[in-house]
Amino acid sequence: MAAELTVLHAGYANNDGVASSVVLIRDGDATVVVDPGMVRGPALILDPMAALGVRAEDVTDVVLSHHHPDHTWHIALFPNARVHDVWAVYQGDQWDDQPAEGRVLSPNVRLMETPGHTAQDITTLVDTADGLVACTHLWWYAEGPAEDPRATDLPALHQSRARLLDLAPVTVVPGHGPGFTPDISTPR
């Protein structure tokens, strides 16, 4: 059985503001939200979830691709969730150090360390019925920018992009835009 992935909010970064792409993943007993960051209001996350029959209390895991506020702003909407970042898993008052690389959240959801935008970036890899989907900040949106203007380490970013593309994802959900199908023109 494959995981089900729904983009709750396709993010943006433009003259009107900045909002993260927010993703819901359902895989067996796991209900995962990726990057519950800045959006114009919590309803833009919670209403699409409710339409799918998912309450905030049902979320078992939250993944933070990195620690910028535009990707973490609404983390408190999910009081029962374990929170995953590059260093650890957090829940309540518990802090469990463990690297993100290879961390398995459910049978079809795992994490991969993908530094570049920041040193602490991770990508969520999801096996769906359509193939592998990657939720990542290696790209802001499908059209670019080819060179991340806020990257802390461009060589690492390019290595992480190549490593991810070698996995042949059918869809990339970027940090600030709708999902896209990577192809030969996708910046590495």
Side-chain angles (χ1 to χ4, degrees), residues 1-85 89-91 100 103-112 114 117 121-144 164 169-182:
M1 190 72 149
E4 296 177 18
L5 183 143
T6 304
V7 176
L8 299 172
H9 184 270
Y12 50 86
N14 55 40
N15 293 334
D16 293 331
V18 61
S20 66
S21 298
V22 183
V23 174
L24 175 72
I25 303 161
R26 293 181 287 180
D27 187 30
D29 293 336
T31 302
V32 182
V33 172
V34 179
D35 280 352
M38 290 171 64
V39 295
R40 289 209 164 108
L44 292 174
I45 297 171
L46 297 175
D47 289 354
M49 286 177 49
L52 296 167
V54 178
R55 300 171 306 143
E57 302 81 30
D58 299 334
V59 174
T60 60
D61 298 89
V62 169
V63 178
L64 305 176
S65 65
H66 61 294
H67 293 120
H68 289 164
D70 56 325
H71 295 273
T72 64
W73 194 260
H74 287 294
I75 192 171
L77 293 173
F78 308 104
N80 300 324
R82 294 176 298 189
V83 177
H84 301 263
D85 71 4
V89 179
Y90 314 89
Q91 188 169 28
R103 189 181 311 152
V104 175
L105 279 64
S106 65
N108 295 295
V109 180
R110 64 196 182 281
L111 303 179
M112 174 179 164
T114 51
H117 180 67
D121 273 43
I122 58 176
T123 293
T124 303
L125 300 171
V126 185
D127 294 315
T128 71
D130 295 327
L132 181 66
V133 177
C135 304
T136 187
H137 204 297
L138 290 171
W139 296 270
W140 288 29
Y141 39 86
E143 297 79 28
L164 177 58
V170 296
T171 303
V172 169
V173 179
H176 297 284
F180 67 90
T181 302

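Values in this document were obtained by computation on a predicted structure and should not be read as measured data. All residue numbers refer to positions in the sequence shown, counting from 1.
Here the rule is side-chain contact (heavy atoms from CB on, under 4.5 Å) with Leu125, and of Asn108, Leu164, Thr136 only Leu164 fits it. A side-chain contact (heavy atoms from CB on, under 4.5 Å) with Pro36 is found for one member of Leu77, Val62, Val59 and no other, namely Val62. Exactly one of Val170, Thr171, Val172 qualifies for a side-chain contact (heavy atoms from CB on, under 4.5 Å) with Pro182. That residue is Val172. Test Val126, Leu8, Val32, Val34 against Val23 for side-chain contact (heavy atoms from CB on, under 4.5 Å) and you get one pass: Val34.
Here the CE atom belonging to Met38 is positioned 8.5 Å from the OH atom belonging to Tyr12, to the nearest 0.5 angstrom. Separating the CD1 atom in Ile122 from the CZ atom in Arg110 is a distance of 13.5 Å, to the nearest 0.5 Å. With values rounded to the nearest 0.5 angstrom, Met49 atom CE is found 4.5 Å from Phe78 atom CZ. Taking OG1 from Thr114 and NE2 from His66, the interatomic distance works out to 10.0 Å, rounded to the nearest 0.5 Å.
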Q) Would His9 and His74 count as a ring pair (Phe, Tyr, Trp, His ring centres under 6.0 Å) if you check the C-alpha gap in whole Å, the side-chain angles of each, and the deciding distance to 0.1 Å? A) CA-CA 13 Å; His9 184 270; His74 287 294; 9.9 Å; no
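Aromatic ring orientation, His137 versus His117: parallel (interplanar angle below 30°, classes split at 30° and 60°).
No side-chain heavy atom of Val89 sits less than 4.5 Å from a side-chain heavy atom of Val83. Cys135 places a side-chain heavy atom less than 4.5 Å from the side chain of Leu5. Looking at heavy atoms from C-beta onward, Asp127 lies in side-chain contact with Leu132 at the 4.5 angstrom threshold. When side chains are defined from C-beta on, Pro178 does not count as touching Val7, because their heavy atoms never get closer than 4.5 Å. Considering only heavy atoms from C-beta on, Asp121 stays 4.5 Å or farther from Leu138 through its side chain. Two residues are said to be in side-chain contact when any heavy atoms from C-beta on lie closer than 4.5 Å; Asp35 and Val63 fail this criterion. Residues Leu111 and His84 meet the side-chain proximity criterion, which asks for heavy atoms closer than 4.5 Å. Between Val54 and Leu24, some side-chain heavy-atom pair lies under the 4.5 Å cut-off.
The number of heavy-atom neighbours closer than 6.0 Å to CG of Asn14, taken from other residues, nucleotides and ligands shown, is above 12.
Counting all heavy atoms, side chain and backbone alike, Gly177 lies closest to Ala10 at C-CB, 4.1 Å. When all heavy atoms are compared, the tightest approach of Asp27 to Met1 is OD1-O, 4.4 Å. When all heavy atoms of Ala2 and Ala129 are compared, the closest pair comes out as CB-N, 3.3 Å. Here the closest heavy-atom approach between residue Ala56 and residue Pro79 is recorded as O-CD, 4.4 Å. When all heavy atoms of Tyr141 and Pro174 are compared, the pair lying nearest together is CA-CG, 3.6 Å.
No donor-acceptor pair closer than 3.5 Å links the side chain of Thr72 to the backbone N or O of Gly37. A donor-acceptor pair under 3.5 Å links the side-chain atoms of Gln91 to the main chain of Asn80, judged by distance alone. With hydrogens and angles disregarded, no donor-acceptor distance shorter than 3.5 Å links the side chain of Ser20 to the backbone of His71. Formation of a donor-acceptor pair under 3.5 Å by the Asp58 side chain with backbone atoms of Arg55 is found in this model. Checked by atom type and distance alone, the side chain of Arg103 pairs as donor or acceptor with a backbone atom of Asp85 at under 3.5 Å. Judged by distance alone, with hydrogens and angles left aside, the side-chain atoms of Thr60 form a donor-acceptor pair with the main-chain N or O of Thr31 at under 3.5 Å.
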